[in-house]
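Taking it in order: structure first as structure tokens, then the write-up.
Counting starts at 1 for both ligands and their atoms, in listed order. Below, each value reflects all heavy atoms present in this structure, side chains not excepted, and no hydrogens, waters or symmetry copies.
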Amino acid sequence: KGSSKPQRMLSYVQRHSKRGDPDSVISTIDIFCRSKEWAMNVGDEKGLILDKLICEANPSIVLELGTYCGYSSLRIARLLPPGGRLFTMEFNPAYAKIAKQIIAWAGLESKIQVLEGPSGDLIPQLKKKHAIEKCDIIFIDHWKDCYLPDTKLLEECGLIGKGTVLIADNVTFPGTPDYLEYVRNSPHYSSQYFKSYLEYSKTEDGLEKSVFLG
Ligand SMILES: Oc1cc(-c2ccc(F)cc2)cc2nccnc12
Ligand SMILES: [Mg+2]
């Protein structure tokens with residue numbers, strides 16, 4: 001049977017990072033991914049850009065599409081103001097299970113809620129089930145062909161309001177052409193590309209920041 005990469009990442013975190021210290025957990029995951037096994041976290045280079053965008057927006061409610069092992073959940077939640085909340089959606093139950101343990105190890109479980117299931121099913125439940133009005137920031141980092149349909153669904157559900165900031169990972173590699181075309185050509189969004197590199201690699205990638213204008 002053997003272990004999975006997420007399981008090996010969790011073990012490495014529990015052995016090499018300081019419990020209750022999100023920065024220690026984040027840097028430990030980056031060391032694991034650089035020295036042991038590459039993994040699809042947003043990573044430290046794009047992560048620094050994400051940090052800056054989160055701090056600038058000072059968000060209360062953040063939605064993340066694509067939890068994986070919880071790396072970006074930690075990056076986001078550690079910067080939230082008191083009372084701020086992160087809701088993160090993960091389709092893969094094995095990933096969600098590991099993410100919850102990494103989030104707990106880092107001591108951020110009170111700020112993060114991991115929602116398991118397809119984002120297309122979970123998004124329409126957010127308002128009623130989680131008393132969410134509008135999202136301040138939406139970090140999109142799941143399957144590339146879901147970026148655009150989920151953005152349209154979020155608009156239809158009234159979860160995107162004037163000033164909502166969409167931040168999308170991997171818009172260059174693996175690439176999300178239909179999503180980019182939409183946010184860059186829509187009169188309702190003001191978009192900006194932050195050039196960087198694919199996590200733990202030399203390939204170009206970047207984050208697209210799109211502000212909803214109303
Ligand atoms: O950041 C990412 C990178 C990759 C990815 C795929 C193939 C490669 F060769 C390299 C990197 C996939 C991802 N899927 C979901 C969310 N984020 C991802
Ligand atoms: Mg990604």
Side-chain angles (χ1 to χ4, degrees), residues 4-10 13 25-54 62-79 86-100 102-103 112 114-123 135 137-151 153-154 165-180 182-183 191-210:
S4 68
K5 174 155 55 176
Q7 284 170 325
R8 293 191 292 274
M9 186 190 293
L10 171 62
V13 161
V25 177
I26 289 163
S27 51
T28 298
I29 291 173
D30 288 325
I31 292 166
F32 174 82
C33 294
R34 287 187 182 281
S35 65
K36 306 290 181 201
E37 303 182 64
W38 184 93
M40 60 177 171
N41 314 121
V42 73
D44 46 350
E45 294 163 299
K46 289 184 288 180
L48 277 175
I49 300 167
L50 180 63
D51 288 356
K52 194 170 72 65
L53 296 176
I54 299 291
V62 180
L63 173 62
E64 176 179 63
L65 305 181
T67 314
Y68 186 42
C69 296
Y71 174 91
S72 49
S73 304
L74 301 182
R75 289 203 80 110
I76 293 165
R78 84 196 205 283
L79 300 175
L86 169 66
F87 293 86
T88 180
M89 298 179 172
E90 180 51 59
F91 171 77
N92 183 315
Y95 293 168
K97 188 167 184 270
I98 297 295
K100 285 173 184 172
I102 287 181
I103 288 162
I112 303 170
V114 180
L115 306 175
E116 286 184 47
S119 49
D121 297 352
L122 295 169
I123 286 167
C135 297
I137 291 186
I138 300 166
F139 180 52
I140 313 173
D141 189 26
H142 56 343
W143 303 132
K144 311 310 150 202
D145 50 16
C146 296
Y147 280 40
L148 184 52
D150 281 354
T151 297
L153 181 58
L154 285 159
V165 178
L166 307 187
I167 302 170
D169 190 27
N170 310 118
V171 296
T172 299
F173 190 92
T176 61
D178 61 341
Y179 172 82
L180 271 192
Y182 179 75
V183 290
S191 256
Q192 189 180 354
Y193 177 62
F194 293 81
K195 183 177 180 298
S196 186
Y197 297 92
L198 180 68
E199 50 268 26
Y200 321 114
S201 99
K202 294 184 170 23
T203 304
E204 181 188 338
D205 189 19
L207 301 178
E208 186 82 0
K209 173 193 174 184
S210 308

Next item on the list: To the nearest 0.5 angstrom, please state how far the CD atom of Glu90 sits from the CG atom of Leu115.
Entry: 11.0 Å
Margin query: Please evaluate residues Leu166 and Glu208 with respect to the criterion side chain to side chain contact (heavy atoms under 4.5 Å, CB included), reporting the C-alpha separation (whole Å), side-chain torsions for both, the decisive distance (0.1 Å), and the verdict.
Written below: CA-CA 8 Å; Leu166 307 187; Glu208 186 82 0; over 6 Å; no
Margin query: If the test is side chain to side chain contact (heavy atoms under 4.5 Å, CB included), which one of Thr176, Val42, Ile140, Leu65 qualifies with Asp169?
Written below: Val42
Item checked: Asp205 vs Ser196, side chain to side chain donor-acceptor pair (under 3.5 Å): CA-CA, chis, key distance, verdict -> CA-CA 5 Å; Asp205 189 19; Ser196 186; over 6 Å; no
Check: When rounded to the nearest 0.5 angstrom, what is the spacing between CD1 in Ile49 and CD1 in Ile167?
Finding: 10.5 Å
Checklist line | Side chain, backbone, both or neither: Trp38 near ligand 1, heavy atoms under 4.0 Å | finding: side chain
Notebook entry, point to check: Between Asn41 and ligand 1, does any nitrogen or oxygen pair lie at a separation below 3.5 Å?
Noted result: no
Check: Roughly how far, to the nearest 0.5 Å, is the NZ atom of Lys97 from the OG atom of Ser4?
Finding: 9.5 Å
Next item on the list: For atom 1 (O) of ligand 1, find the nearest protein heavy atom and state the residue, atom name and distance (0.1 Å precision).
Entry: Glu199 OE2, 2.5 Å
Next item on the list: Rounded to the nearest 10 degrees, what's the angle OD1 of Asp141 makes with OD1 of Asn170 at the Mg ion (ligand 2)? Could you check?
Entry: 90°
Notebook entry, point to check: Are His142 and Tyr68 close enough that their ring centers fall under 6.0 Å?
Noted result: no
Check: Which one holds for Tyr68 and ligand 1: side chain close, backbone close, both close, or neither close, with close meaning a heavy atom under 4.0 Å?
Finding: neither
Check: If you round to the nearest 0.5 Å, how far is CG of Leu10 from NZ of Lys100?
Finding: 13.5 Å
Check: Should Asp141 be counted as touching ligand 1, given the test is an N or O pair under 3.5 Å?
Finding: yes
Note to self: If the cut-off is 4.0 Å to any non-hydrogen atom of Lys144, which atoms of ligand 1 fall inside it?
What the structure shows: 13 (C), 14 (N), 15 (C), 16 (C), 17 (N), 18 (C)
Next item on the list: Classify the contact between Asp169 and ligand 1 as side chain, backbone, both or neither, using a heavy-atom distance cut-off of under 4.0 Å.
Entry: side chain
Notebook entry, point to check: What protein heavy atom sits nearest atom 13 (C) of ligand 1, and how far away is it?
Noted result: Met40 SD, 3.6 Å
Item checked: atom 8 (C) of ligand 1: nearest protein contact (heavy atom, Å) -> Phe173 CE2, 3.6 Å
Notebook entry, point to check: Between atom CH2 of Trp143 and atom CZ of Phe91, what is the distance when rounded to the nearest 0.5 Å?
Noted result: 9.5 Å
Next item on the list: Check Asp169 and report its N/O/S atom nearest to the Mg ion (ligand 2), by atom name.
Entry: OD2
Notebook entry, point to check: Does Glu199 bring an N, O or S atom to under 2.8 Å of the Mg ion (ligand 2)?
Noted result: no
Next item on the list: Considering heavy atoms of the protein only, find what lies nearest to atom 18 (C) of ligand 1 and give residue, atom and distance to 0.1 Å.
Entry: Asn170 OD1, 3.3 Å
Margin query: Under a 4.0 angstrom heavy-atom cut-off, which atoms of ligand 1 come close to Pro174?
Written below: 4 (C), 5 (C), 6 (C)
Item checked: Contact atoms of ligand 1, heavy-atom distance to Trp143 under 4.0 Å -> 14 (N), 15 (C)
Check: Roughly how far, to the nearest 0.5 Å, is the CD1 atom of Ile123 from the CG atom of Leu153?
Finding: 5.0 Å
